[in-house]
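Take a look at the structure set out below.
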Amino acid sequence: MQGKRSRIDIIYDMVLTINKRGGRIKPTHLMYKANLSHNQMKQYLEELMAKGLVAEEQAKERKMLTITDKGIAFINQFNQMKEMERTFGL
Amino acid sequence: MVYWLDFVNLSPPGFYGKDVAIDIISALVVLSIGFFSFKNFMLDTKNKKQLLLSSAFLMLAASFIVKIATNILTHTETASELYHLYLAGGFLAHLFLTLFGFYILYALTSKDDLTMNYVIMAYFILILTYFARFNYHWFYITAVIFLLAATRRYILSYRKFRYKNTKLLAISFGIITLSQIFFIFTYADRWVYVAGEAIQLIGYCFLLYTFAMVLKNARKKK
């Protein structure tokens, strides 16, 4: 069984979910896919947008979330960090 | 040779320059891994293990840089007092940084929080460094013990998780351990030092290959 996700794990799950959906997702879909409560979603989304990992855009009167280049770079670096930890048995 | 230092200039004259080149390559390998781990730590500043991993590799890089500078100096000998002081300081810094770097690599795979152990070990390594200046064997024997302990941990981790990169890591550190065993016997024949340096180069090249595999696997995960 997986343990409790850390802050960085949740951020990774959110950014990865957007990336897997072709780089665009509805906020409600992201909330369900990333297993977050409404409050958590709001809090983390603010952080992701402040850090420039995710951007918000208006498409046909619907709010959509898109991944930025910085978000893609974050996924790459996170994967490298996890690979390093796995290799060294950390 | 500095009168109170047992192991300045172990390299045979025919090997001058080549030893520095080998150490530069080794330094670049550990420096790259150190910077990479530090970048990972900056991504998640609560991740203490990444900080320790980067500290270990950056210490090893610093130890190589000090060794390179000191070796270059020994190859161009002068009689000034400052020269002897720099040699002594350089080699003692090299010993301390190498041993503490190897110890961190071993200790960071432990599941327990060993914060106080690092302080205690730093103290013991400092004492050992002081005594190793009279007899260089103690430095290499201690390095072999730390490296064997780290390699054993990587082997156990590989047996448990069957992760290929951990196997490569265990091989890299196994080869580096072998190089330190050769260094113990340097006084039997100076060319044993050359063999040790050559094995060390293979070990660090293998470590570079392991690091490249880590990056390759991470890219596949997209």
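Every chain is numbered from 1, with letters handed out A, B, ... down the list of sequences.
To the nearest 0.5 Å, atom CG of residue B/N217 and atom NZ of residue A/K82 are 15.5 Å apart. Atom-to-atom distance recorded for B/R219:CZ and A/N79:CG is 11.5 Å, nearest 0.5 angstrom. For the atom pair CG (B/N47) and CE (A/M81), the distance works out to 5.5 Å, reported to the nearest 0.5 Å.
When the shell of 6.0 Å around NZ of B/K167 is examined, it contains 12 or fewer heavy atoms from other residues, nucleotides or ligands. In the displayed structure, B/Y106 atom OH is contacted under 6.0 Å by at most 12 heavy atoms of other residues, nucleotides or ligands. Remark: B/Y118 OH is packed, more than 12 non-hydrogen atoms of other residues, nucleotides or ligands lying under 6.0 Å away.
For B/Y158, no part lies under 4.5 angstrom from a heavy atom of chain A. Heavy-atom distances place the side chain of B/L169, and not its backbone, under 4.5 Å from chain A. The part of B/S157 that comes within reach of chain A is its side chain, from C-beta onward, which places non-hydrogen atoms under 4.5 angstrom from that chain. Of the two parts of B/K39, the backbone and the side chain both hold a non-hydrogen atom closer than 4.5 Å to a non-hydrogen atom of chain A. Proximity to chain A (any heavy atom under 4.5 Å) is shown, for B/F161, by neither the backbone nor the side chain. B/L53 touches chain A through its side chain: at least one heavy atom from C-beta onward sits under 4.5 Å away, while N, CA, C and O do not.
Side-chain atoms of A/E83 do not come within 3.5 Å of backbone N or O of B/N165 as any donor-acceptor pair.
In plain terms, the two heavy atoms of A/R86 and B/T166 that are nearest each other are O-OG1, 3.5 Å. Contact between A/F88 and B/T109 at its shortest, heavy atoms only, is O-CG2, 3.3 Å.
With contacts defined as side-chain heavy-atom distances shorter than 4.5 Å, the pair B/S37/A/M84 qualifies. Using a 4.5 Å heavy-atom cutoff, the side chains of A/F74 and B/L43 are in contact.
The candidate with the highest count of non-hydrogen atom pairs below 4.5 Å against chain B, out of A/E85, A/R7, A/Q80, is A/Q80.
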